[in-house]
Amino acid sequence: KIKDSQEHVVVATTRPETMLGDVAVAFSPKDKRYKHLKGKKLILPVINRELEAIFDRLVDPKFGTGALKVTPAHDPVDFQLGLTHKLEPINVMNPDATMNREASVDYEGMDRIECREAILEALKERGLLVKAEPHRHAVGHCYRCHTMVEPRLSKQWFVKMKPLAKKALEAAKKKRIKFYPARWTKVYINWMENIRDWCISRQIWWGHRIPVYYCKKCQGRSAVSDARLAPSSANRKPQTVNPGIIVSKTRPDKCPSCGSADIEQDPDVLDTWFSSWLWPFSTLGWPSETEDLKYFYPTKTLVTAQEIIFFWVARMMMAGIEFMGEIPFSDIYIHGTVRDDTGTKMSKSLGNIIDPLDIINEFGADALRFSIISITAVGQDVFLSRDKFESGRNFANKIWNASRLVLMNLDSGKIDIDTDDSFKDSSLELKERWILSRFYQTLKNVGDSLDSYKINEAAKLIYEFFWHEFCDWYLEFAKTTFSSSQTQACVYQVLEKSLRILHPFMPFISEEIWQLLPHRSESVMVASWPEFEKKLIDKKADRDMDAIIAIVTAIRNIRSTWRIEAQKTIAVHIKVPSDPAKKVLIENGEYIKRLAKVDELIVDRDLVKPKSSAADVCGDLEVFVPLKGIIDYEKEKDRISKNLESLNARFGDLSGKLKNERFLQNAPADVIDKFKASHQEMKLQLEKLEANLDSIKR
RNA sequence: GGGCGAUUAGCUCAGUCGGUUAGAGCGCGUGCCUCACAUGCACGAGGUCAGUGGUUCGAGCCCACUAUCGCCCACCA
């Protein structure tokens, strides 16, 4: 009610009980409806308190009635308004959210929910309730017991953050710290730029007790129990000078101000992060200048979760700069959140976790580790379910069995374990040059991936190399020449080094197998990532082996298409464009024969397609498989036509591109060269395919 | 309210600096218990890269808008 008037102002609230703590009603300065209230007083119903009418830009004239009840002791916005307009807050609640004496004797002792109803009832009785309606809004809840939290004025300890944030902000802006993925940098910067003072006192039992002591004589009894415990003191103005407040590591004997020995420690404990932010150096013996501290501070990489960037990462950065004069780490790897297959975050309290111990029992520890790494892409959440662990288990099994094969055939008399380069001087066969080349390329790529924190990519590279190059091709080739010292040395080296790069991903199985291999006695696996050998990267070997793999695959394809029995051996004729190409195939003929089940292999430059044969084109080679009595000409025609068709379409695209003036002008030279080369290659392939088709028609 | 992510094969997801034909695992089809491995081997099928428009000689990738799903932050009377 407006004082000395019959007019009423209507306010809206979701918490009627806080009306008992109202000290003003606020309006927007732009709101014409309430202009006439400037300088007026209002009367709060039910307890008839006199209220100020204030005008402030914080009030949104379009929200509700445009009139905002102001309760500085029980609402953050209202608290701000209270400071601006110099209003005395009235705290009407006890720490347990029951109403206190300030709420008037009628309501004292009631729970706030009970009081809420009581106030509504009181307003209704007086005919002052305009309406009650359901309203959805967000309220804070306790993280442990989920009780609705009531904002309430109390006295707390704060850390002034602006000065601390300044340098931590600079570190990010000047890129002395880097986030992986980089987008989190923005989140960090945004928070630092809008930093707010940090409330570090907590009213819980467990924690570091705040090292502040109060002289009861100087501060009075309520100094210790303060606003949180004694409502009558809550409305005091904060003191700027505080005689009798002693901050000390140890309990003081007497008050330095008045000499009284009647001293009591603050009952609150520190926010858990207030000790955590010291973690990068307090764990190393700080504030003593220990050897550990000198050696390990600063470190390089922090691995953590996104929700902890503010709580922990930002604060460690500030503490590190403040107390050590230096950032604690330069790289911050933010991993995704682990979710179940419905997308819900996995947590112990929700009970939707997969217990790692169960997975270890069922699939193995290495399977667990490798599988998790494989599905963890930088910056992406991972969706976890039991079946994801199968691939890790299968890979471990593969490693074990491949190693068994090697160990069964390894003759330690034939290998030189003392040097890594027992084969470097001898001229190696293609398959050895190839697998070494592939190994060192993999080693390089795995290293690069790890350096950029792409651990899933690194895992995939190793998996691909070990399974599909080392096992599927090299070991199959090696079965032919296992007794040669060259193969022995190579198999040993590649397996031994593969185990070393596997070790961070699958520590147990790699260690176990490594111990079964012969070694110099002082060798230690864990500490030795293999050295990169650029000399052993052999692009020619890569290309030659690609051709052999393509030939074997083409023959297998033909076998499969024409349903040639798995056991049956066949003849194969290969037409080559040059003598060097012929030489490569002749030298490696045994391997083609073994892997494609071929008994007769003819390789020549001038070779006529045998009658009744299936044909395939592999680059500049032509593969013919005589299939007398088996081949179905119509079917073979379809097969070749289909290949021809897709090749033709691509050839057309490429031709168009190479005729396009603007492409030739704008594209980089190396791209144009590559396009031209493959255009030429395709042309030759097309000619061969067409010739094959013709020979069928005849 | 502010900030951000995702949308690619039946499923779960990779995809580097924009560059020829977009990859993997699982699943699927066919044939194999080949003397390391059936937790395996070989061959194969399967894609309008959410939609629309734009930039570019060239777009899964860059820009704008739209749709759907999701996350983080916040003092929504």
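Chain A is the first sequence line, chain B the second, and so forth, proteins listed ahead of strands; every chain is numbered from 1.
The number of heavy-atom neighbours closer than 6.0 Å to CZ of A:Phe663, taken from other residues, nucleotides and ligands shown, is above 12. Within a 6.0 Å radius of NZ in A:Lys178, no more than 12 heavy atoms belonging to other residues, nucleotides or ligands are found. Counting non-hydrogen atoms of other residues, nucleotides and ligands closer than 6.0 Å to CZ of A:Phe158 gives a total above 12.
Within 4.0 Å of A:Thr553, counting heavy atoms only, lie sugar-phosphate atoms of the nucleic acid but no base atom. Heavy atoms of A:Thr13 sit nowhere under 4.0 angstrom from any nucleic acid atom. In this structure, A:Arg556 reaches the sugar-phosphate backbone alone: every heavy-atom distance under 4.0 Å involves primed, P, OP1 or OP2 atoms, never a base.
Contact annotation: A:His468 side-chain N/O to B:G25 OP1/OP2 distance is under 4.0 Å.
B:U56 and B:C61 are spaced 16 Å apart, taking the P atom of each and rounding to whole Å. Only the C1' atoms considered, B:U52 is 34 Å distant from B:C28, to the nearest whole Å. Between B:U66 and B:G15, the distance separating the two C1' atoms is 25 Å to the nearest Å. Spacing of P atoms, B:G19 relative to B:C75, comes out at 45 Å, to the nearest Å. Rounded to whole Å, the separation between the C1' atoms of B:C63 and B:U55 comes to 7 Å. Only the P atoms considered, B:A67 is 39 Å distant from B:G27, to the nearest whole Å. Across the P atoms, B:G53 and B:G10 are found 24 Å apart, a figure rounded to whole Å. One C1' atom belongs to B:G58, the other to B:G1, and the distance between them is 42 Å to the nearest Å.
Aromatic ring orientation, A:Trp191 versus A:Phe310: parallel (interplanar angle below 30°, classes split at 30° and 60°). Ring-plane geometry between A:Trp273 and A:Phe311 is classed as parallel, the angle between the planes falling under 30 degrees on a 0 to 90 degree scale with a further cut at 60. Using a 30° and 60° split on the angle between ring planes, A:Phe370 and A:Phe395 fall in the tilted class, from 30° to 60°.
Rounded to whole Å, atom P of B:C73 lies 11 Å from atom CD1 of A:Ile308. Taking atom CG on A:Leu83 and atom P on B:C75, their separation rounds to 17 Å, with Å as the unit. Look at CG on A:Leu384: it is 15 Å from P on B:U12, rounded to the nearest Å. One atom, CZ of A:Arg15, and another, P of B:C76, lie 11 Å apart when rounded to the nearest Å. One can place CG of A:Asn557 at 8 Å from C1' of B:G44, the figure rounded to the nearest angstrom. Residue A:Lys454 contributes atom NZ, which lies 19 Å from atom P of B:G23 at whole-angstrom precision. One can place CZ of A:Arg386 at 24 Å from P of B:C11, the figure rounded to the nearest angstrom. Taking atom CG on A:Asp673 and atom C1' on B:U20, their separation rounds to 14 Å, with Å as the unit.
Donor-acceptor pairing under 3.5 Å is lacking for the side chains of A:Thr553 and A:Asn557. Counting only N and O atoms by type, the side chains of A:Lys431 and A:Tyr474 include no donor and acceptor under 3.5 Å apart.
Between B:C75, B:U20, B:U12, one nucleotide has an atom nearer to the side chain of A:Arg196 than all others, and that is B:C75. Taking only side-chain atoms of A:Val77, from C-beta outward, the nucleotide of B:C75, B:U20, B:A14 with the closest atom is B:C75.
Salt bridge status for A:Lys444 with A:Asp448: present, with a side-chain N to carboxylate O gap under 4.0 Å. Taking 4.0 Å as the cut-off between side-chain N and carboxylate O, A:Arg386 and A:Glu362 count as a salt-bridged pair. Using a 4.0 Å cut-off between charged side-chain N and carboxylate O, A:Glu565 and A:Arg559 make no salt bridge. Salt-bridge check for A:Arg116 with A:Glu17: passed, with a basic side-chain N closer than 4.0 Å to an acidic carboxylate O.
When the nearest nucleotides of RNA chain B are assigned to A:Lys388 and A:Leu68 by heavy-atom distance, the more 5′-ward of the two goes with A:Lys388. Residue whose closest nucleotide on RNA chain B sits further toward the 5' end, between A:Phe310 and A:Met682: A:Met682.
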Nucleotide-resolved protein contact map, nucleotides 27-39 of chain B, B/S/- at heavy-atom distance under 4.0 Å: ---SS----BB-B
Protein-to-nucleotide contact annotation, 5' to 3' order, nucleotides 56-63 of chain B [B base; S sugar-phosphate only; - none; under 4.0 Å, heavy atom]: -BS-----
Dot-bracket, 5' to 3', for RNA chain B please: Watson-Crick or G-U pairs under 3.5 Å, [ ] where pairs cross earlier ones, | where the partner sits on another strand, dots elsewhere. (((((((..((((.....[...)))).(((((.......))))).....(((((..]....))))))))))))....
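Figure legend: cation-pi geometry between A:Arg315 and A:Trp198, with NZ or CZ positioned under 6.0 Å from the six-membered ring centre and within 45° of its axis.
Of the candidates A:Tyr453, A:Tyr180, A:Phe179, A:Tyr333 forms a ring pair (Phe, Tyr, Trp, His ring centres under 6.0 Å) with just one, namely A:Tyr453.
A donor-acceptor contact under 3.5 Å links the side chain of A:Arg650 to the base of B:U21.
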